[in-house]
Amino acid sequence: MGSRVLSPCLLLLGVWVCALPAGSVLPPELSKAEVTGLFKDFMIQFNRTYRSPAEQRRRFGIFKQSLLAARRLQETELGTGQYGVTRFSDWTDEEFRGMFQSPPPRTMHQEAWRPRKKLPKSCDWRKAGAVTAVRDQVGRNCRSCWAFAAVANIESLWYIHFRQPRNLSVQEVLDCSWCGAGCKGGYVWDAFTTVLHQRGLTSEAAYPYTGRQEKCQQHDPTAYIQGFQTLPRDEEEIAAHVATKGPITVTLNSAAMKNYKKGISQPLVKNCSPDQVDHVALLVGYGDVKRRQYWVIKNSWGKDWEEKGYYRLYRGSNACGITTFPLTATVHRVGAPGHEVHCPP
Ligand SMILES: *[C@@H]1O[C@H](CO)[C@@H](O)[C@H](O)[C@H]1NC(C)=O
Ligand SMILES: *[C@@H]1O[C@H](CO)[C@@H](O)[C@H](O)[C@H]1NC(C)=O
């Protein structure tokens, strides 16, 4: 790196990795005609047209790869997760990962450990009306999940503290980002730093999402934050925070999400390494089904992505690296710092 100043942004961009899976084999149990039939159904369901026969053949090859990956996940699934054809089935892993970011630094201070209180059995902020509609970061070229997750976090906290619904501008975060990475992938802490620097965020209506990084504009803010904090990397501590303060952002490995259909996803560690986090989303609650504990995660791939835009992931074993970097903005009502709120079960 020579004498270049090592800003945290530069350090992070160096960590970016994108790998393509090797090999191209048909799933043994499906005949070629069956796979072709599945692909035709997929093209109709997800409204696909390809610009040339060659491109269609290429996408068909990728589709077969995705079927294989889904089968692998299904065969080794430890939870109740179901995998299959999704709207991402004709995307390469590289395109898929291209929507995301690389891992953030772990240098920021962590909130001091506090003795555990009794943890509510379940929590779902959606039931309090504190979670805005699932959005769609769309396109294959904008790695903006970090901005969506940070904005969703602020929207939820704003509602919880002020009872005012807000749709805030993701585009403002992208355009005005302090690291300037925009669609190249960014970091949640940079999103919060940007919001602090902008003295708040304006509304989505005033500054709508375009999916491209553009010139930073100034608008009047309609919500603001006091700061942000990292949380302890402990799933009980995280749950306690979510139950008593509100949704938080989490960084995780998206490997099992490309083919996810429904259920509580619990992939083998080797299929979803906790050391390879590449995506950011909003943790909005937790619960359990027949003693199988799970997290509820709001994603930013639209409402049509499985479970109406949400993902349920096994809770209790750092599945897919979910505890890697829990981070949240802080929003206080003036005169009532840190007041506790209660999440509906
Ligand atoms: C399907 O795709 C075409 C061309 O991309 C578009 O014009 C049309 O609106 C799409 N239809 C649906 C239902 O999404
Ligand atoms: C936020 O956006 C959703 C979905 O587009 C809309 O239904 C809702 O009314 C908006 N809320 C506000 C406060 O603008």
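All ligand and atom numbering here is 1-based and tracks the order in the structure. These numbers were taken from a predicted model, which means no experiment stands behind them.
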Check your understanding: Is the distance between the ring centroids of Y224 and W158 less than 6.0 Å?
Key ->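 Ring centroids of Y224 and W158 are less than 6.0 Å from each other.
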
Check your understanding: Hey, do the aromatic rings of H279 and W301 have their centres closer than 6.0 Å?
Key -> yes

Looking at [atom], would you say a protein heavy atom lies below 4.0 Å from it?
{"atom": "atom 5 (O) of ligand 2", "answer": "no"}
{"atom": "atom 11 (N) of ligand 2", "answer": "yes"}
{"atom": "atom 14 (O) of ligand 2", "answer": "yes"}

Check your understanding: Can the positive tip of R233 be found less than 6.0 Å from the middle of the six-membered ring of F325, inside 45° of the ring normal?
Key ->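 Because its charged atom misses either the 6.0 Å distance or the 45° angle limit, R233 does not stack over F325.
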
**Study point:** Over-ring placement of R312 relative to Y294, 6.0 Å and 45° cut-offs
**Key:**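 Yes, a cation-pi geometry.
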
Check your understanding: Nearest protein heavy atom to atom 8 (C) of ligand 2, by residue and atom, and its distance?
Key -> N167 ND2, 3.8 Å

